[in-house]
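Whatever order the structure lists them in is the order used to number ligands and atoms, beginning at 1.
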Amino acid sequence: MSTVIDSISARLDRRARQHVPGGVNSNVRLAAPHTYFERGVGARLFDVDGRDYVDYLLGQGPNILGHAPEKLQSDVAQAVRRGMLYGAQHEAEVLAAEQVCEILEWPEMVRFGVSGTESVQAALRLARAETGRRRFIRFEGHYHGWLDTTLASWSPDGECSPASAGQLSDHLAEAIPTPWNDLEAVRLQLEQHDDVAAIITEPVMLNAGSIVPRDGYLEGLRELADAFGVVLIFDEVITGFRVALGGAAQRYGVTPDLAVYGKAMAAGWPVSMLAGRADLMERFGSGEVNHSGTFNASVMATAATLSATTILREDDPYARMEAYGERLMDEVRGSAARHGLGLHVQGLGMAFHVSFSDGKAICDYRDLGRTDTERYGRLSRVLADHGVWVAGRGVWYVSAAHDERDMADTLTRVDQAFAEFARHER
Ligand code: PMP
């Protein structure tokens, strides 16, 4: 609405489109405002036109310590003085592996990577090698990266189809789409298919709806996986080091066979990790299963992982983040009600979801079909105009850096944005 036509961002965007398709380097960013940022500090972002934003996108989740956390920056800067990439081993990768295994408690071995997408691929390949079967059960609306086997577009009644031109639909057919939060549905799939290698799940459905598992659901998945000899994979790319230091496995007390981490683990540096039981993971060690990567466990990656996980362990910001987020959820509900907007807010404090819906709880992906995503997309752009930076798809992330001043500014700005949005709709 108020994006100034000849702002510096608009000019950079026009230039970018000459050399960068769509002006962005990730298709996820196509629909968001093409704002250019100059710097981030704590919970704030500053754009090239001199405006500041309280940031609840946090780089799609990773910046759990806020922007430019000094200790993390200086730890990484110090490490890279000795080089960036050796193409061989260095001590920090041992330290980082020991530390994450100690923090997470359940895994015995880890392999570092660069993106969540590729570590998911490693997990699925390992599960196939382990079981000698090829397909995997996955859940409606869950996101596991952009590869041909995992990228999916979902119809409101749970049909899964390729989400991209050029995607190999027979690769996607390896997935058996199943409703989430419904153990009977999983049992039926396992009874009907004898070629299932793995069940892969986001343990909290944070990509769509901030839907928490029903009581006993993750435990039930564990039991079903054991009963049918199937590998249970938690995709903790968002939940890991966010919903608790030990991720969802710790928060809900359920142990997978394999889990994928990324995002918050290195607090903004591009690092992912596959963690798991030693007997499974040793298939990489023996050379039987291939997992490779030029940039795996680089000096930056291991320094960032060690530093971020040390800070998170020592500072223990989880209760603080959850309380901040819960208060914000209440305030957003209150402000929406004052302006006559039917906003529904649900989830965990450190990652919650805001949508236009009929007010009933959203318990699975099909419930999201009742929400008006186009209207929320418009609201997210008005929030950006008022200095609150959020994702267009409804998720709000909280960091350890959000403080009382950020809260106060957010509440004023949210209220102004909601007032303007309501005015425009009348
Ligand atoms: N799994 C989940 C649950 C994710 O949320 C994402 C990214 N949003 C991925 C996998 C893919 O991670 P990346 O973008 O690092 O490839």
Side-chain angles (χ1 to χ4, degrees), residues 24-32 56-64 111-125 127 136-154 160 163-164 167 172 175 177 180 198-213 218 232-243 247-249 251-252 256 258-275 291 293 295-296 298 300-301 304-305 308 347-348 350-353 365 368 390-397:
V24 297
N25 278 291
S26 167
N27 274 32
V28 173
R29 298 177 202 152
L30 277 174
Y56 294 99
L57 178 68
L58 299 175
Q60 299 286 355
N63 294 310
I64 194 162
R111 268 285 176 97
F112 291 107
V114 178
S115 71
T117 296
E118 61 180 85
S119 291
V120 167
Q121 163 65 19
L124 292 174
R125 180 179 285 173
F136 59 95
I137 291 175
R138 65 170 302 177
F139 298 101
E140 293 173 6
H142 288 206
Y143 181 74
H144 301 296
W146 61 276
L147 295 186
D148 285 4
T149 28
T150 47
L151 184 68
S153 160
W154 298 94
C160 156
S164 169
Q167 189 181 350
L172 188 61
W180 195 63
I199 300 170
I200 184 167
T201 184
E202 288 185 55
V204 182
M205 194 166 154
L206 284 179
N207 268 301
S210 270
I211 303 170
V212 295
L218 296 176
L232 181 61
I233 305 170
F234 281 0
D235 183 341
E236 295 235 32
V237 168
I238 298 184
T239 51
F241 302 89
R242 168 163 290 283
V243 302
R251 186 166 177 135
Y252 297 100
L258 297 173
V260 181
Y261 298 85
K263 301 211 186 222
M265 183 176 73
W269 292 81
V271 186
S272 67
M273 179 177 83
L274 175 60
H291 166 247
F295 295 106
N296 292 358
S298 69
M300 288 82 81
T305 303
L348 303 170
M350 53 277 278
F352 60 88
H353 188 261
Y365 182 72
L368 276 171
V390 291
R393 64 200 163 84
V395 64
W396 292 45
Y397 293 112

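Taking 4.5 Å as the limit, some side-chain heavy atom of Y397 sits within range of a side-chain heavy atom of R242. Taking 4.5 Å as the limit, some side-chain heavy atom of L258 sits within range of a side-chain heavy atom of L274. In this structure, Y252 and P203 have side chains that are not in contact, with every pair of non-hydrogen atoms separated by 4.5 Å or more. Side-chain contact between T149 and V120 is absent, with no heavy-atom pair separated by less than 4.5 Å.
Ring planes of W396 and Y56: tilted class, angle from 30 to 60°.
Here F112 pairs with nothing under the ring-ring contact (aromatic ring centres under 6.0 Å, His included) rule; sequence neighbours left out.
The protein residues lying under 4.0 angstrom from ligand 1, judged by non-hydrogen atoms, are S115, G116, T117, Y143, H144, G145, E202, N207, D235, V237, I238, K263.
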